[in-house]
Amino acid sequence: MRAAVCDAYGPPDVVGLDDLPSPAVGPGQVRVKVEAAAVNFPDVLLIANEYQISIPTPFIPGSEFAGVVVQTTSGARGFSIGDRVSGTVLYGAFAQEVAVPATGLTRIPDGVDKYTAAAFGVAYRTAYHTLRSVARVQEGDELIVLGAGGGVGLAAIQLGVKLGASITAVASSAEKLDVAASYGAKHLINYTTTDLRTALKQTIPGGADAVIDPVGGALSEPALRALGRGGRFITVGFASGDIPRIPLNLVLMKGVHVLGFQFQDVPPDEFARNEDELREHLVAMRVQPHICAVYPLDETAQALTYVAEGRAIGKVLIDVS
Ligand SMILES: NC(=O)c1ccc[n+]([C@@H]2O[C@H](COP(=O)([O-])OP(=O)(O)OC[C@H]3O[C@@H](n4cnc5c(N)ncnc54)[C@H](OP(=O)(O)O)[C@@H]3O)[C@@H](O)[C@H]2O)c1
(Lines give C-alpha, C1' and ligand atoms only; values in the text may rest on other atoms or scores of the structure.)
Protein backbone atom coordinates (compact mmCIF):
# COMPACT_ATOMS: atom_id res chain seq x y z
CA MET A 1 0.00 0.00 0.00
CA ARG A 2 1.02 3.65 -0.47
CA ALA A 3 1.66 5.48 2.77
CA ALA A 4 3.08 8.77 4.03
CA VAL A 5 6.10 7.99 6.20
CA CYS A 6 8.03 9.98 8.80
CA ASP A 7 11.59 8.57 8.67
CA ALA A 8 13.16 11.15 10.99
CA TYR A 9 11.71 13.80 13.33
CA GLY A 10 11.49 17.34 12.03
CA PRO A 11 9.24 19.81 10.21
CA PRO A 12 6.42 18.46 8.00
CA ASP A 13 8.63 18.23 4.91
CA VAL A 14 10.47 15.24 6.45
CA VAL A 15 7.36 13.24 5.53
CA GLY A 16 7.74 11.28 2.29
CA LEU A 17 5.76 8.60 0.45
CA ASP A 18 6.57 4.88 0.42
CA ASP A 19 5.22 1.46 -0.61
CA LEU A 20 4.66 -0.67 2.50
CA PRO A 21 2.98 -4.00 3.27
CA SER A 22 -0.65 -3.84 4.43
CA PRO A 23 -0.84 -3.40 8.23
CA ALA A 24 -1.13 -6.58 10.32
CA VAL A 25 -4.57 -7.02 11.87
CA GLY A 26 -4.68 -8.33 15.45
CA PRO A 27 -7.58 -9.91 17.38
CA GLY A 28 -10.44 -7.47 17.87
CA GLN A 29 -9.15 -5.26 15.07
CA VAL A 30 -10.44 -4.47 11.61
CA ARG A 31 -8.58 -3.33 8.51
CA VAL A 32 -10.00 -0.20 6.90
CA LYS A 33 -9.38 0.99 3.34
CA VAL A 34 -8.84 4.69 4.00
CA GLU A 35 -10.63 7.07 1.64
CA ALA A 36 -10.02 10.39 3.37
CA ALA A 37 -7.96 11.50 6.35
CA ALA A 38 -7.99 14.79 8.27
CA VAL A 39 -4.88 16.64 9.37
CA ASN A 40 -4.77 17.57 13.05
CA PHE A 41 -2.30 19.77 14.91
CA PRO A 42 -0.98 16.85 17.03
CA ASP A 43 0.12 15.12 13.77
CA VAL A 44 2.56 18.01 13.29
CA LEU A 45 3.75 17.70 16.90
CA LEU A 46 4.29 13.91 16.62
CA ILE A 47 6.41 14.37 13.48
CA ALA A 48 8.50 17.00 15.27
CA ASN A 49 8.75 14.72 18.35
CA GLU A 50 7.14 17.51 20.39
CA TYR A 51 3.98 15.64 21.48
CA GLN A 52 3.35 14.20 24.96
CA ILE A 53 4.09 10.75 23.50
CA SER A 54 7.11 9.87 21.34
CA ILE A 55 6.57 7.47 18.41
CA PRO A 56 9.76 5.68 17.25
CA THR A 57 10.60 6.40 13.58
CA PRO A 58 9.81 5.29 10.94
CA PHE A 59 6.06 5.66 11.40
CA ILE A 60 3.02 6.56 9.34
CA PRO A 61 1.46 9.80 10.65
CA GLY A 62 -2.27 10.57 10.56
CA SER A 63 -4.81 10.32 13.36
CA GLU A 64 -8.28 10.66 11.82
CA PHE A 65 -9.82 8.84 8.87
CA ALA A 66 -12.93 7.72 7.02
CA GLY A 67 -13.10 4.60 4.84
CA VAL A 68 -14.50 1.13 4.29
CA VAL A 69 -13.96 -2.07 6.31
CA VAL A 70 -12.04 -4.63 4.18
CA GLN A 71 -11.16 -7.24 6.85
CA THR A 72 -12.55 -8.20 10.23
CA THR A 73 -11.17 -10.57 12.89
CA SER A 74 -12.62 -12.66 15.69
CA GLY A 75 -13.61 -10.34 18.51
CA ALA A 76 -14.15 -7.38 16.17
CA ARG A 77 -17.86 -7.25 16.87
CA GLY A 78 -20.36 -4.97 15.20
CA PHE A 79 -18.62 -4.43 11.86
CA SER A 80 -18.74 -6.28 8.51
CA ILE A 81 -16.77 -6.00 5.32
CA GLY A 82 -18.11 -3.09 3.29
CA ASP A 83 -19.23 -0.98 6.26
CA ARG A 84 -18.45 2.74 5.94
CA VAL A 85 -16.60 3.82 9.09
CA SER A 86 -14.65 6.68 10.61
CA GLY A 87 -12.21 6.60 13.48
CA THR A 88 -9.19 7.99 15.24
CA VAL A 89 -5.77 6.52 15.98
CA LEU A 90 -2.59 7.99 17.42
CA TYR A 91 -0.82 7.49 14.07
CA GLY A 92 -1.15 5.41 10.87
CA ALA A 93 -4.05 7.07 9.02
CA PHE A 94 -2.15 8.75 6.14
CA ALA A 95 -2.07 5.45 4.23
CA GLN A 96 -4.25 3.42 1.92
CA GLU A 97 -5.04 1.04 4.80
CA VAL A 98 -5.08 1.23 8.58
CA ALA A 99 -5.63 -1.50 11.22
CA VAL A 100 -7.67 -0.36 14.23
CA PRO A 101 -9.56 -1.85 17.19
CA ALA A 102 -13.24 -2.20 16.25
CA THR A 103 -14.09 -0.43 19.51
CA GLY A 104 -12.52 2.77 18.16
CA LEU A 105 -14.70 2.89 15.03
CA THR A 106 -17.93 4.72 14.30
CA ARG A 107 -20.35 3.82 11.53
CA ILE A 108 -20.74 6.73 9.09
CA PRO A 109 -24.43 7.73 8.93
CA ASP A 110 -26.15 7.37 5.55
CA GLY A 111 -25.92 10.53 3.50
CA VAL A 112 -22.70 11.72 5.17
CA ASP A 113 -19.83 11.94 2.66
CA LYS A 114 -16.26 10.76 3.30
CA TYR A 115 -14.80 14.26 3.71
CA THR A 116 -17.40 15.28 6.29
CA ALA A 117 -16.93 11.98 8.14
CA ALA A 118 -13.13 12.35 8.19
CA ALA A 119 -13.27 15.98 9.35
CA PHE A 120 -15.84 15.52 12.12
CA GLY A 121 -14.09 13.26 14.60
CA VAL A 122 -11.42 15.18 16.48
CA ALA A 123 -12.31 18.87 16.18
CA TYR A 124 -16.08 18.58 16.61
CA ARG A 125 -15.92 16.02 19.41
CA THR A 126 -13.30 18.11 21.23
CA ALA A 127 -15.36 21.27 20.84
CA TYR A 128 -18.67 19.69 21.84
CA HIS A 129 -17.46 17.80 24.92
CA THR A 130 -15.66 20.99 25.98
CA LEU A 131 -18.73 23.19 25.52
CA ARG A 132 -21.18 20.77 27.14
CA SER A 133 -19.24 19.15 29.96
CA VAL A 134 -16.45 21.58 30.87
CA ALA A 135 -17.57 25.08 29.88
CA ARG A 136 -21.19 24.03 30.57
CA VAL A 137 -22.44 26.57 28.04
CA GLN A 138 -26.09 27.58 28.43
CA GLU A 139 -28.51 29.46 26.18
CA GLY A 140 -27.61 33.17 26.19
CA ASP A 141 -24.05 32.73 27.51
CA GLU A 142 -21.34 35.08 26.28
CA LEU A 143 -18.64 32.78 24.86
CA ILE A 144 -15.15 33.82 23.70
CA VAL A 145 -13.48 31.47 21.19
CA LEU A 146 -9.73 31.88 20.58
CA GLY A 147 -8.21 30.34 17.43
CA ALA A 148 -11.61 30.96 15.90
CA GLY A 149 -10.49 30.07 12.37
CA GLY A 150 -8.84 26.79 13.40
CA GLY A 151 -10.31 23.30 13.47
CA VAL A 152 -11.36 23.29 17.13
CA GLY A 153 -12.22 27.00 17.19
CA LEU A 154 -14.52 26.94 14.17
CA ALA A 155 -16.21 23.80 15.48
CA ALA A 156 -16.71 25.55 18.86
CA ILE A 157 -18.36 28.47 17.07
CA GLN A 158 -20.75 26.27 15.06
CA LEU A 159 -21.67 24.15 18.07
CA GLY A 160 -21.76 27.07 20.51
CA VAL A 161 -24.33 28.75 18.26
CA LYS A 162 -26.43 25.56 18.39
CA LEU A 163 -26.29 25.75 22.21
CA GLY A 164 -27.59 29.32 22.08
CA ALA A 165 -24.38 31.15 23.02
CA SER A 166 -23.47 34.64 21.81
CA ILE A 167 -19.97 34.24 20.43
CA THR A 168 -16.97 36.55 20.23
CA ALA A 169 -14.46 35.11 17.76
CA VAL A 170 -10.77 35.96 18.10
CA ALA A 171 -8.36 35.27 15.22
CA SER A 172 -5.36 36.66 13.34
CA SER A 173 -6.94 37.62 10.02
CA ALA A 174 -10.03 39.11 8.43
CA GLU A 175 -10.33 35.99 6.28
CA LYS A 176 -10.56 33.71 9.33
CA LEU A 177 -13.02 36.07 11.04
CA ASP A 178 -15.22 36.24 7.92
CA VAL A 179 -15.58 32.46 8.02
CA ALA A 180 -16.27 32.58 11.78
CA ALA A 181 -19.02 35.15 11.12
CA SER A 182 -20.52 32.97 8.38
CA TYR A 183 -21.03 30.24 11.02
CA GLY A 184 -22.73 32.60 13.47
CA ALA A 185 -20.01 34.40 15.49
CA LYS A 186 -21.59 37.70 16.60
CA HIS A 187 -18.48 39.74 17.47
CA LEU A 188 -15.15 39.54 15.63
CA ILE A 189 -11.75 40.58 17.00
CA ASN A 190 -8.53 40.55 14.97
CA TYR A 191 -5.86 40.42 17.69
CA THR A 192 -3.13 41.45 15.22
CA THR A 193 -4.69 44.85 14.56
CA THR A 194 -6.28 45.68 17.90
CA ASP A 195 -5.43 45.33 21.58
CA LEU A 196 -7.25 42.17 22.64
CA ARG A 197 -7.81 43.16 26.28
CA THR A 198 -9.36 46.52 25.33
CA ALA A 199 -11.42 45.05 22.51
CA LEU A 200 -12.87 42.30 24.72
CA LYS A 201 -13.75 44.83 27.45
CA GLN A 202 -15.60 46.99 24.92
CA THR A 203 -17.32 44.02 23.28
CA ILE A 204 -18.50 42.27 26.46
CA PRO A 205 -18.69 44.99 29.13
CA GLY A 206 -20.60 42.71 31.50
CA GLY A 207 -17.92 39.99 31.28
CA ALA A 208 -17.96 36.70 29.43
CA ASP A 209 -19.32 33.40 30.79
CA ALA A 210 -16.70 31.15 29.18
CA VAL A 211 -13.50 31.12 27.10
CA ILE A 212 -12.44 28.25 24.83
CA ASP A 213 -8.66 28.44 24.34
CA PRO A 214 -6.95 26.07 21.86
CA VAL A 215 -4.08 28.56 21.26
CA GLY A 216 -2.42 29.63 24.53
CA GLY A 217 0.46 32.13 24.43
CA ALA A 218 -0.22 35.84 24.70
CA LEU A 219 -3.96 35.51 24.02
CA SER A 220 -4.84 33.55 27.16
CA GLU A 221 -4.43 36.21 29.85
CA PRO A 222 -6.47 38.97 28.14
CA ALA A 223 -9.20 36.40 27.45
CA LEU A 224 -9.22 35.29 31.09
CA ARG A 225 -9.41 38.94 32.19
CA ALA A 226 -12.55 39.31 30.03
CA LEU A 227 -14.47 36.74 32.10
CA GLY A 228 -17.19 37.87 34.48
CA ARG A 229 -17.48 36.57 38.05
CA GLY A 230 -17.84 32.79 38.08
CA GLY A 231 -16.74 32.52 34.42
CA ARG A 232 -15.01 29.39 33.06
CA PHE A 233 -11.68 29.46 31.22
CA ILE A 234 -11.08 26.20 29.34
CA THR A 235 -7.60 25.41 28.09
CA VAL A 236 -7.76 22.94 25.18
CA GLY A 237 -4.30 23.19 23.64
CA PHE A 238 -1.30 25.36 22.84
CA ALA A 239 -1.20 25.76 19.05
CA SER A 240 0.91 28.91 19.51
CA GLY A 241 3.66 26.70 20.94
CA ASP A 242 3.70 28.85 24.08
CA ILE A 243 2.26 27.64 27.40
CA PRO A 244 1.09 30.79 29.21
CA ARG A 245 1.58 31.55 32.91
CA ILE A 246 -1.54 33.06 34.43
CA PRO A 247 -1.24 35.30 37.53
CA LEU A 248 -3.35 33.46 40.12
CA ASN A 249 -4.46 36.73 41.73
CA LEU A 250 -6.71 37.21 38.67
CA VAL A 251 -8.38 33.87 39.38
CA LEU A 252 -8.82 34.78 43.05
CA MET A 253 -10.10 38.32 42.52
CA LYS A 254 -12.45 37.52 39.67
CA GLY A 255 -13.71 34.26 41.16
CA VAL A 256 -13.25 32.43 37.85
CA HIS A 257 -12.65 28.73 37.16
CA VAL A 258 -9.65 27.56 35.11
CA LEU A 259 -10.23 24.10 33.65
CA GLY A 260 -8.56 21.81 31.13
CA PHE A 261 -10.20 19.54 28.56
CA GLN A 262 -9.23 15.91 28.03
CA PHE A 263 -11.59 13.28 26.61
CA GLN A 264 -10.96 10.84 29.46
CA ASP A 265 -12.12 13.37 32.06
CA VAL A 266 -15.70 13.62 30.73
CA PRO A 267 -18.04 11.60 33.00
CA PRO A 268 -19.26 8.47 31.09
CA ASP A 269 -22.97 9.40 31.18
CA GLU A 270 -22.26 12.90 29.87
CA PHE A 271 -19.84 11.48 27.30
CA ALA A 272 -22.58 9.24 25.87
CA ARG A 273 -25.13 12.09 25.90
CA ASN A 274 -22.71 14.46 24.14
CA GLU A 275 -21.82 11.86 21.49
CA ASP A 276 -25.53 11.21 20.80
CA GLU A 277 -26.31 14.90 20.49
CA LEU A 278 -23.33 15.47 18.21
CA ARG A 279 -24.35 12.57 15.97
CA GLU A 280 -27.87 14.04 15.72
CA HIS A 281 -26.36 17.34 14.53
CA LEU A 282 -24.28 15.45 11.96
CA VAL A 283 -27.14 13.30 10.65
CA ALA A 284 -29.45 16.30 10.39
CA MET A 285 -26.58 18.25 8.77
CA ARG A 286 -27.14 21.06 11.26
CA VAL A 287 -23.37 21.29 11.57
CA GLN A 288 -21.03 20.95 8.59
CA PRO A 289 -17.22 20.96 8.89
CA HIS A 290 -15.56 23.80 7.00
CA ILE A 291 -12.99 22.16 4.72
CA CYS A 292 -10.49 24.65 3.32
CA ALA A 293 -8.19 22.33 1.37
CA VAL A 294 -7.95 18.74 0.12
CA TYR A 295 -4.52 17.31 -0.81
CA PRO A 296 -3.67 13.99 -2.50
CA LEU A 297 -1.69 11.46 -0.41
CA ASP A 298 1.57 12.28 -2.19
CA GLU A 299 1.24 15.90 -0.97
CA THR A 300 0.86 14.99 2.71
CA ALA A 301 3.91 17.10 3.65
CA GLN A 302 2.30 20.19 2.07
CA ALA A 303 -0.97 19.50 3.92
CA LEU A 304 0.90 19.23 7.23
CA THR A 305 2.85 22.42 6.50
CA TYR A 306 -0.38 24.32 5.84
CA VAL A 307 -1.67 23.31 9.28
CA ALA A 308 1.70 23.78 11.03
CA GLU A 309 1.89 27.37 9.81
CA GLY A 310 -1.58 28.17 11.19
CA ARG A 311 -2.87 29.05 7.71
CA ALA A 312 -5.70 26.51 7.58
CA ILE A 313 -9.26 27.69 8.08
CA GLY A 314 -11.32 24.84 9.52
CA LYS A 315 -10.08 21.44 8.38
CA VAL A 316 -7.42 20.26 5.90
CA LEU A 317 -8.00 16.82 4.37
CA ILE A 318 -5.99 14.21 2.51
CA ASP A 319 -7.87 12.30 -0.19
CA VAL A 320 -6.39 8.82 -0.05
CA SER A 321 -8.70 7.18 -2.56
N1 LIG B 1 -7.31 18.60 24.64
C2 LIG B 1 -7.65 17.86 23.59
O3 LIG B 1 -8.18 16.74 23.72
C4 LIG B 1 -7.41 18.39 22.20
C5 LIG B 1 -8.15 17.89 21.13
C6 LIG B 1 -7.94 18.45 19.86
C7 LIG B 1 -6.98 19.47 19.69
N8 LIG B 1 -6.25 19.87 20.76
C9 LIG B 1 -5.24 20.94 20.63
O10 LIG B 1 -5.90 22.15 20.31
C11 LIG B 1 -5.00 22.97 19.57
C12 LIG B 1 -5.72 23.52 18.36
O13 LIG B 1 -6.08 22.47 17.49
P14 LIG B 1 -6.76 22.82 16.10
O15 LIG B 1 -7.10 21.54 15.45
O16 LIG B 1 -7.81 23.83 16.28
O17 LIG B 1 -5.52 23.50 15.35
P18 LIG B 1 -5.55 24.43 14.06
O19 LIG B 1 -6.71 24.11 13.20
O20 LIG B 1 -4.19 24.36 13.48
O21 LIG B 1 -5.81 25.90 14.67
C22 LIG B 1 -4.94 26.44 15.62
C23 LIG B 1 -5.02 27.95 15.62
O24 LIG B 1 -4.01 28.39 16.50
C25 LIG B 1 -3.56 29.68 16.10
N26 LIG B 1 -2.11 29.80 16.18
C27 LIG B 1 -1.45 30.75 16.86
N28 LIG B 1 -0.14 30.60 16.76
C29 LIG B 1 0.06 29.54 15.98
C30 LIG B 1 1.25 28.89 15.51
N31 LIG B 1 2.48 29.34 15.85
N32 LIG B 1 1.11 27.81 14.71
C33 LIG B 1 -0.12 27.34 14.40
N34 LIG B 1 -1.29 27.90 14.83
C35 LIG B 1 -1.19 29.00 15.61
C36 LIG B 1 -4.08 29.90 14.68
O37 LIG B 1 -5.09 30.90 14.80
P38 LIG B 1 -4.75 32.43 14.57
O39 LIG B 1 -4.10 32.52 13.23
O40 LIG B 1 -6.06 33.06 14.62
O41 LIG B 1 -3.83 32.81 15.70
C42 LIG B 1 -4.75 28.59 14.29
O43 LIG B 1 -5.93 28.81 13.54
C44 LIG B 1 -3.78 22.13 19.25
O45 LIG B 1 -2.75 22.46 20.15
C46 LIG B 1 -4.25 20.70 19.51
O47 LIG B 1 -3.19 19.86 19.89
C48 LIG B 1 -6.46 19.36 22.01
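What you see is a predicted model, and the numbers here were worked out from it, not measured in a lab. Hydrogens, waters and symmetry mates are skipped; everything else that's a heavy atom, side chains included, is used. Read the numbers this way: they start at 1 and go in the same order the structure lists the ligands and their atoms.
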With [atom] as the reference point, say which of [options] has the nearest heavy atom.
atom	options	result
atom 26 (N) of ligand 1	Ile234, Val215, Asp265	Val215
atom 30 (C) of ligand 1	Gly217, Gly151, Ala239, Gly150	Ala239
atom 28 (N) of ligand 1	Ser63, Ser240, Ala218	Ser240
atom 34 (N) of ligand 1	Gly153, Ala156, Ser172, Gly310	Gly310

Nearest-neighbour protein heavy atom for [atom], which is reported as residue plus atom name and distance:
atom	value
atom 11 (C) of ligand 1	Pro214 O, 3.2 Å
atom 41 (O) of ligand 1	Tyr191 OH, 2.5 Å
atom 6 (C) of ligand 1	Thr126 OG1, 3.4 Å
atom 20 (O) of ligand 1	Phe41 CD1, 3.5 Å
atom 7 (C) of ligand 1	Val152 CG2, 3.8 Å
atom 43 (O) of ligand 1	Lys176 NZ, 3.3 Å

Out of curiosity, is [X] lining ligand 1, as in a heavy atom under 4.0 Å away?
X	answer
Pro42	yes
Val236	yes
Gly216	no

List the steps, then state whether side chain to side chain contact (heavy atoms under 4.5 Å, CB included) holds for Val236 with Val134. CA-CA 10 Å; Val236 178; Val134 191; over 6 Å; no
Backbone N or O of Leu143 within a donor-acceptor pair of the Asp141 side chain at under 3.5 Å?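 No.
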For the residue pair Glu142 / Thr168, report whether a side-chain donor-acceptor contact shorter than 3.5 Å exists.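 No donor-acceptor contact under 3.5 Å links the two side chains.
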May I ask you to check whether Arg232 and His257 show a side-chain donor-acceptor distance below 3.5 Å?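 Arg232 vs His257: no donor-acceptor pair found between side chains.
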What about Val122: any of its N or O atoms under 3.5 Å from an N or O on ligand 1?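 No, there is no polar N/O contact under 3.5 Å.
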By number and element, which atoms of ligand 1 are closer than 4.0 Å to a non-hydrogen atom of [X]?
X	value
Ala171	40 (O)
Phe238	45 (O)
Ala308	32 (N), 33 (C)

Give the ring-plane orientation class for His129 versus Phe263, where under 30° counts as parallel, over 60° as perpendicular and anything between as tilted.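 Rings of His129 and Phe263: perpendicular, as their planes differ by over 60°.
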Contact list for residues 312-321, test salt bridge (charged side-chain N to carboxylate O under 4.0 Å, His left out), sequence neighbours left out: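 Residue pairs passing salt bridge (charged side-chain N to carboxylate O under 4.0 Å, His left out), neighbours aside: Lys114-Asp319.
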